[in-house]
Amino acid sequence: MPLDENIYELRRQKLKAIEALGQIAYRSKYEVTNAIPQILTDYSGKTAEQLENPRVNVRVAGRIMAIRLMGKAGFCHLQQSGQRLQIYVKKDAVGETGFELYKLLDLGDHIGVAGYLFRTRTGELTIHVDEITFLSKDLLPLPEKWHGLTDVELRYRQRYVDLVMNPEVREVFLKRSKLVQSLRRTMEAHGFVEVETPMMQPIAGGAVARPFVTHHNTLDMDLYLRIAPELYLKRLVVGGFDRVYEINRNFRNEGLGWRWNPEFTMLEYYQAYADFHDMMDLTQQLITQAAEDVTGGTKTKWGDQEIDWSNWQRLTMREAIIKFWPDSAGAKPEMSDFTSGDGIKKLVERFNRSHSQMAYDPGEPAGKTTASLFEAVAEEHLTQPTIIYEFPTAVSPLSKQKPDEPDWTERFEIYAGQMEIANGFSELNDPEDQRRRFEAQLKERERGDEEAHQMDEDYIRALSYGMPPAGGVGVGVDRLVMLLTDSHTIRDVILFPLLRPEKSSSSSENRSESQTDAEK
RNA sequence: GGGCGCGUAGCUCAAUUGGCAGAGCAACUGACUCUUAAUCAGUAGGUUGAAGGUUCGAUUCCUUCCGCGCUCACCA
């Protein structure tokens, strides 16, 4: 830290010296003729002769990422929008004062330059500078130019430095932006209307998770940050918005991990008069289109594997358990094994004998066990985009049951890269059935499941006014970004992931201490 | 929360069984008007995450704490 402050102080003095040369320390604006990426696009193909006549005069701005001084001339690389262009500064060209300014520049400073394009002896496109304008000072030293910033914690805590130093990080977030654009485009093309529903809710519903709690002072009431927008979007379907969608944050007070951040982005959409098969088709199309829009193709790298977004498979949950049943756990299950709680229990016991123990509570509903068994048996095999459909009713309090098998619902999830990335179903619109499902969830809550769904009387009232048949889907945007950018932790696709608060032991605390001392 | 690992200069990393805490880059001074990880000569920069213990002596061994990473469990 002492050295840090030395450099800071030294650079402040340089800034004063720069002002003494007639520059403004923090000026308001600088008119450029070209952005650096534009120059690279337009002139990279031109020869030295083509650049000479006619001569191309430019004004550009950027951050100094490399600087080399050789007596009375020097080179810099200016970076803008993640791309770099070299400039050549010669005392003869910029004059005495201009060169004094050049000598006061540091790595990380922002400058604007005016000059003309040429090629150096080694052929690199370069600006021959006539005039330097100082734009802004970097008072803190950037990380080492060769190794850059690799410390994971610093990268997340100081994302601004990470973005300056690591162009591939910038790329990930550009792709994230493209993905969201693509999702919106597909939704709009299908006639969906974008809406915004409450982030603060009196009852945290629409999913099975623990919420964050906050408080409104004037109304003196506790509110929950939403765990899902689902119940509000379906209220809108009741109200006559036949196709609605929302892209926004959900908050779940759960653990952190490579696939989990407490706030994450979800796309949710609801379509009246559609069932879960329609939603599977739409979602498959949405994701395939997104892969193409973001990466330009349908095949993406995922670690040492490849995901082919044009090749999907569909399996029921029961089929998936049978298909991926490990040989070591004995004969594959039969469909009839899933019909009784006893049959499922036996499957779990057989599986657990050959594998690491899968957690399960004998008192829980059989459907819950089946869903856990599916995750234990199949999830790790689901690298290619796969739609798993027909989920147990016990874990699907908002889905419509299969007409012929009431223990199973018209629900699906989409898996890729061993992650669940989407969840959709034919929406339960029978208010009395919905009340019974909520009551079953309340029993689970009494059994100690803090994540079980709460009773939402207003939602039941909304259904009682009549909701048309509808299908709905939620798509995990962060996880989709991970898959499309080969990022293996969610923190790499969220600009500012949740971290523990920074320890204030060093600089900030010292400063406040010295302030109190001064006050005394 | 459990298990494993890590923490040394601003950044990236060394340091023989426990024996003088080092290098490159960044910084500073000087030389250099086509360099590009510029080069050359020199200078400065450290409470080895914190506290305690063992020892003649601790970056190294032990304990506790703090922080980070990986991983397992709950969760999308």
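This structure is a prediction, so every number in the text was calculated from the model and none was measured. Hydrogens, waters and symmetry mates are skipped; everything else that's a heavy atom, side chains included, is used. Throughout, protein chains are lettered first and strands after them, A, B, ... in sequence-line order, and every chain is numbered starting at 1.
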query = Among B/rC75, B/rU33, B/rU35, which nucleotide sits nearest the side chain of A/Lys90?
reply = B/rU33
query = What is the distance from CE of A/Met65 to P of B/rU35, rounded to the nearest Å?
reply = 22 Å
ask   = How would you list, by chain and number, every residue that makes a side chain to side chain contact (heavy atoms under 4.5 Å, CB included) with A/Ala48, sequence neighbours excluded?
value = A/Arg119
query = Hey, is the side chain of A/Lys72 poking within less than 4.0 Å of OP1 or OP2 on B/rA31, counting only N and O atoms?
reply = no
key: Polar side-chain contact A/Glu124-B/rU35 base: donor and acceptor under 3.5 Å   = no
query = Of the nucleotides B/rA27, B/rC75, B/rU33, which has the atom closest to the A/Arg11 side chain?
reply = B/rA27
Nearest-Å distance for atom pair CZ/C1', residues A/Arg259 and B/rC74 = 12 Å
note = Considering only heavy side-chain atoms of A/Arg68, the closest of B/rU35, B/rC75, B/rA76 is B/rU35
key: Which residue lies more 5' along RNA chain B, comparing A/Asp106 with A/Pro143 via nearest heavy atoms   = A/Pro143
A/Ala73: side chain to side chain contact (heavy atoms under 4.5 Å, CB included) partners, not counting sequence neighbours = A/Tyr88, A/Lys90
inquiry  = Considering every strand and a 4.0 Å limit on heavy-atom distances, what is the contact class for A/Arg210: base, sugar-phosphate, or nothing?
reply    = nothing
query = Can you tell which of B/rA26, B/rA76, B/rU35 lies closest to the side chain of A/Trp260?
reply = B/rA76
request  = Would you indicate what A/Phe118 reaches in the nucleic acid, counting non-hydrogen atoms under 4.0 angstrom: base, sugar-phosphate, or nothing?
outcome  = base
Side chain to side chain contact (heavy atoms under 4.5 Å, CB included) partners of A/Glu263, counting only residues at least two apart = A/Arg249, A/Phe251, A/Asn261
ask   = Roughly how many Å is it from CH2 in A/Trp258 to P in B/rC70, rounded to a whole number?
value = 12 Å
message = Would you say A/Thr409 and A/Glu390 are linked by a side-chain donor-acceptor pair, where the criterion is simply a distance under 3.5 Å?
response = no
task = Please figure out whether A/Arg491 or A/Asn423 has its closest RNA chain B nucleotide nearer the 5' end.
result = A/Arg491
task = Let me know the distance between CG of A/Asp92 and C1' of B/rC34, rounded to the nearest Å.
result = 13 Å
query = According to the Watson-Crick and G-U wobble definition with distances under 3.5 Å, which dot-bracket string, read 5' to 3', encodes RNA chain B, using [ ] for crossing pairs and | for pairs with another strand?
reply = (((((((..((((.....[..)))).(((((.......))))).....(((((..]....))))))))))))....
query = Which part of the nucleic acid, if any, lies within contact of A/Asp449, taking any heavy atom under 4.0 Å across all strands shown: a base, the sugar-phosphate backbone alone, or nothing?
reply = nothing
message = Rounded to whole Å, how long is the line connecting atom CG of A/Leu69 with atom C1' of B/rC32?
response = 9 Å
remark   = Winner on side-chain proximity to A/Arg121, out of B/rC34, B/rU33, B/rG69, is B/rC34
Distance in angstrom units between A/Lys103 NZ and B/rC32 C1', rounded = 12 Å
query = Does one side chain, of A/Glu427 or A/Ser399, offer a donor that lies under 3.5 Å from an acceptor on the other?
reply = no
ask   = Expressed in angstrom and rounded to an integer, what is the separation of A/Asp492 atom CG from B/rG69 atom C1'?
value = 13 Å
remark   = A/His381 meets the side chain to side chain contact (heavy atoms under 4.5 Å, CB included) criterion, sequence neighbours left out, with A/Phe324
key: Test side-chain hydrogen bond (donor to acceptor under 3.5 Å, both in side chains) applied to A/Lys137 - qualifying residues, sequence neighbours left out   = A/Asp106, A/Asp109
message = Between the base of B/rA76 and the ring of A/Phe264 - centre-to-centre under 5.5 Å, planes within under 30° - is that a stack?
response = yes
ask   = Touch check for A/Gln86, heavy atoms < 4.0 angstrom, all strands: base, sugar-phosphate only, or nothing?
value = base
query = Should A/Arg157 be listed as having a side-chain N or O under 4.0 Å from OP1 or OP2 of B/rC68?
reply = yes
ask   = Judged by modelled atom types alone, do A/Thr265 and A/Arg176 share a side-chain donor-acceptor pair under 3.5 Å?
value = yes
request  = Please state how far atom CZ in A/Arg155 lies from atom P in B/rU12, giving the value in whole angstrom units.
outcome  = 11 Å
